[in-house]
K.L.:
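If you scroll down you'll find the structure; I have some questions about it.
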Amino acid sequence: MGCGGSKPPDSLAAACARDDRQALSTLLSDGAVDVNETDEDGATCLVQMVLANNVPLVELLLQQAAVDVNLCDKKGRGPLDYAARYGHAEAVRLLLAHGKTDVNLKNAGGGTALHVAAQQGHPRVVEMLLAHPAVEVNATTNDGATALFIAAERGKKEVVSILLSNAKVDVNLAMPWKLQGATVEATPLFAATFQEEAEIVALLMAHPDVEVPRYSTVGRVRDQAESKEDLMEMAI
C-alpha cells in the first residue's frame, strides 16, 4: 500500500509507494519534502510503511528529526496502533525506541496500543509494550474496558497470563456492561465467565487480588462463587 494517489515520481509518496529506499533516502536528505505528508486517508508514509511491515523504511523514516511519530490518520490510528494491531513486532520495537512515541496514545475508540495488541492476541507485542516504563496497563477505552478485560473477553489466554504477571494490573477494574436490560459492573472475571473461557477463569481465580463479584439483580447469576467450578456455572 502506498502513501498517496497520483503524485510526481520524485515525491515522497511515490517513493513510499514503490518501497524505494534509495529514492526515499535521497528525498529526505535533500530536505525538500515534508516527512509528515499525508494521503487522502490522512496516513503518513510512516503509517503506510508500518502497515506494509517495511522495517527498513520505517527505520529510515524514524531517523528524520521532523517526523511526527504520533500523527494519526482519519481513523484515529497512529503508527504504534497499527504496528501493535497487526503484530509487527520489529516496527513496535523501533517505535518504542523513538523518544517521542506516546505509548499511551489513544485511537478514536479510546484504545491504546496495549488494548489493540491484547484484542488481536499478540503476546510478544504485549510484552514489549508492558516493558515500556510509561505504559498505563490499566488504561481504559471509551467504553471503560482495560486491556485485561478485552483479552479475557476475547479468549486470549496467553495475553491474559502476561497481563496478570504485571505488578500494576488491576484485576478487578470493571466496566459497565448491558445485559438483559440491566447494567452490571463487569470485571475481567465476569467477562471470561460469560464467554465460558474456563482456562482464563482459572488464571484469574488464581490471582491473589481477584474478587469474585456478587450479582444479585442480573438473571440467574449466582450470588456467590466459592470455586472455579461454581463460577463456571454462572449464567445470564
Side-chain angles (χ1 to χ4, degrees), residues 1-3 16-17 19-21 24-25 28 35-36 41-64 67-73 75-141 145-169 188 199-200 203:
M1 186 182 294
C3 292
C16 282
D19 291 349
D20 190 337
R21 182 181 176 86
L24 184 57
S25 181
L28 292 172
V35 70
N36 299 310
D41 296 318
T44 61
C45 280
L46 179 57
V47 163
Q48 296 293 352
M49 291 302 98
V50 166
L51 280 167
N53 203 21
N54 190 323
V55 173
L57 290 187
V58 169
E59 188 170 21
L60 179 62
L61 288 162
L62 288 175
Q63 291 170 357
Q64 308 309 304
V67 68
D68 186 342
V69 292
N70 300 308
L71 191 60
C72 297
D73 62 13
K75 292 181 179 179
R77 299 172 182 173
L80 185 59
D81 182 294
Y82 280 117
R85 186 177 298 271
Y86 293 108
H88 296 167
E90 184 60 17
V92 170
R93 184 188 69 79
L94 290 170
L95 287 161
L96 291 179
H98 192 282
K100 294 183 179 179
T101 297
D102 182 355
V103 69
N104 300 307
L105 183 68
K106 293 194 171 187
N107 58 32
T112 66
L114 185 61
H115 284 103
V116 297
Q119 175 180 296
Q120 299 302 322
H122 299 306
R124 183 183 175 194
V125 172
V126 169
E127 288 178 331
M128 295 169 73
L129 292 165
L130 289 176
H132 194 285
V135 71
E136 296 176 6
V137 66
N138 298 310
T140 58
T141 64
T146 62
L148 179 60
F149 182 96
I150 291 171
E153 193 268 338
R154 294 294 180 98
K156 308 301 183 182
K157 177 185 173 183
E158 190 172 356
V159 171
V160 169
S161 181
I162 293 167
L163 288 166
L164 287 175
S165 70
N166 186 279
K168 295 182 180 180
V169 72
E199 292 182 321
I200 293 177
L203 285 173

K.L.:
Below 4.5 Å, heavy atoms only, C-beta onward: do K156 and V126 meet side chain to side chain?
P.N.:
no
K.L.:
So does A134 get a backbone contact from the side chain of N104, meaning a donor-acceptor N/O pair under 3.5 Å?
P.N.:
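Confirmed, N104 side chain pairs with A134 backbone.
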K.L.:
Atom CD in Q119, atom CD in E153: separation rounded to 0.5 Å?
P.N.:
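One finds 9.0 Å between CD of Q119 and CD of E153.
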K.L.:
Mind checking the CG-CG spacing from N166 to L148? Nearest 0.5 Å is all I need.
P.N.:
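Answer rounded to 0.5 Å: 10.0 Å.
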K.L.:
When rounded to the nearest 0.5 angstrom, what distance separates NZ in K168 from CG in L130?
P.N.:
10.5 Å
K.L.:
Are L57 and C16 packed together at the side-chain level, in the sense that at least one heavy-atom pair is separated by less than 4.5 angstrom?
P.N.:
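No, their side chains stay 4.5 Å or more apart.
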K.L.:
Counting neighbours of CD on E90 that are heavy atoms of other residues, nucleotides or ligands and sit closer than 6.0 Å, is the number greater than 12?
P.N.:
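Yes, CD of E90 has more than 12 neighbouring heavy atoms, counting only those of other groups under 6.0 Å.
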K.L.:
What heavy-atom pair brings V160 and A152 nearest, and what distance separates the two atoms?
P.N.:
CG2-N, 3.6 Å
K.L.:
Of the non-hydrogen atoms in L71 and T44, which two are nearest, and what is the gap between them?
P.N.:
CD2-CG2, 3.3 Å
K.L.:
Could you pull out the closest heavy-atom pair between V50 and P79, with the gap in Å?
P.N.:
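Looking at all heavy atoms of both residues, the closest pair is CG1-O, 3.5 Å.
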K.L.:
Quick check: does any side chain N or O of H122 sit under 3.5 Å from a backbone N or O of A89, one acting as donor and the other as acceptor?
P.N.:
no
K.L.:
Do R124 and E127 meet the salt-bridge criterion of a basic N to acidic O distance under 4.0 Å?
P.N.:
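Judged by the 4.0 Å cut-off on N to carboxylate O distance, E127 and R124 do not form a salt bridge.
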K.L.:
Would you please test V67 and H98 for side chain to side chain contact (heavy atoms under 4.5 Å, CB included) and show each step?
P.N.:
CA-CA 11 Å; V67 68; H98 192 282; 4.1 Å; yes
K.L.:
Can you check whether R21 reaches L60 side chain to side chain, under 4.5 Å on heavy atoms?
P.N.:
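Counting from C-beta outward, R21 and L60 do come under 4.5 Å.
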K.L.:
Go through the side-chain N and O atoms of N36 and D68 and say whether any donor and acceptor fall under 3.5 Å apart.
P.N.:
no
K.L.:
To the nearest 0.5 Å, what is the distance between CG (L46) and CG (L95)?
P.N.:
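Reported value, rounded in 0.5 Å steps: 6.0 Å.
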K.L.:
Is a side-chain N or O of K106 found less than 3.5 angstrom from the main chain of T140, in a donor-acceptor match?
P.N.:
yes
K.L.:
Please find the pair of heavy atoms, one from L203 and one from L164, that lie closest to each other, and give the distance.
P.N.:
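Looking at all heavy atoms of both residues, the closest pair is O-CD1, 3.7 Å.
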K.L.:
Taking the side chain as C-beta and beyond, is there a heavy-atom pair between L61 and L28 under 4.5 Å?
P.N.:
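With C-beta onward as the side chain, the pair touches.
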K.L.:
Might you work through the side chain to side chain contact (heavy atoms under 4.5 Å, CB included) test for Q48 and L51, ending with a clear yes or no?
P.N.:
CA-CA 5 Å; Q48 296 293 352; L51 280 167; 3.9 Å; yes
K.L.:
Looking at A118 and A147, what are the two nearest heavy atoms and their distance?
P.N.:
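Minimum heavy-atom contact is CB-O, 3.7 Å.
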K.L.:
Can you tell me how far the SG atom of C72 sits from the CG atom of D81, to the nearest 0.5 Å?
P.N.:
7.5 Å
K.L.:
Checking L96 against L80 for the side chain to side chain contact (heavy atoms under 4.5 Å, CB included) test, could you report, in this order, the C-alpha distance in whole Å, the side-chain angles of both residues, the deciding distance, and whether it holds?
P.N.:
CA-CA 8 Å; L96 291 179; L80 185 59; 4.1 Å; yes
K.L.:
Any side-chain heavy atom of L114 within less than 4.5 Å of one from T146?
P.N.:
no
K.L.:
Atom CG in L129, atom NE2 in H115: separation rounded to 0.5 Å?
P.N.:
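L129 CG to H115 NE2: 11.5 Å, rounded to 0.5 Å.
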K.L.:
Does atom CD (Q63) have a neighbourhood of more than 12 heavy atoms from anything else shown, all under 6.0 Å?
P.N.:
yes
K.L.:
Donor-acceptor check, side chain of N107 to backbone of K75, threshold 3.5 angstrom: yes or no?
P.N.:
no
K.L.:
Please give me the minimum heavy-atom distance between V159 and G121, naming the atom from each residue.
P.N.:
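Closest approach of V159 to G121, heavy atoms only: CG2-CA, 4.0 Å.
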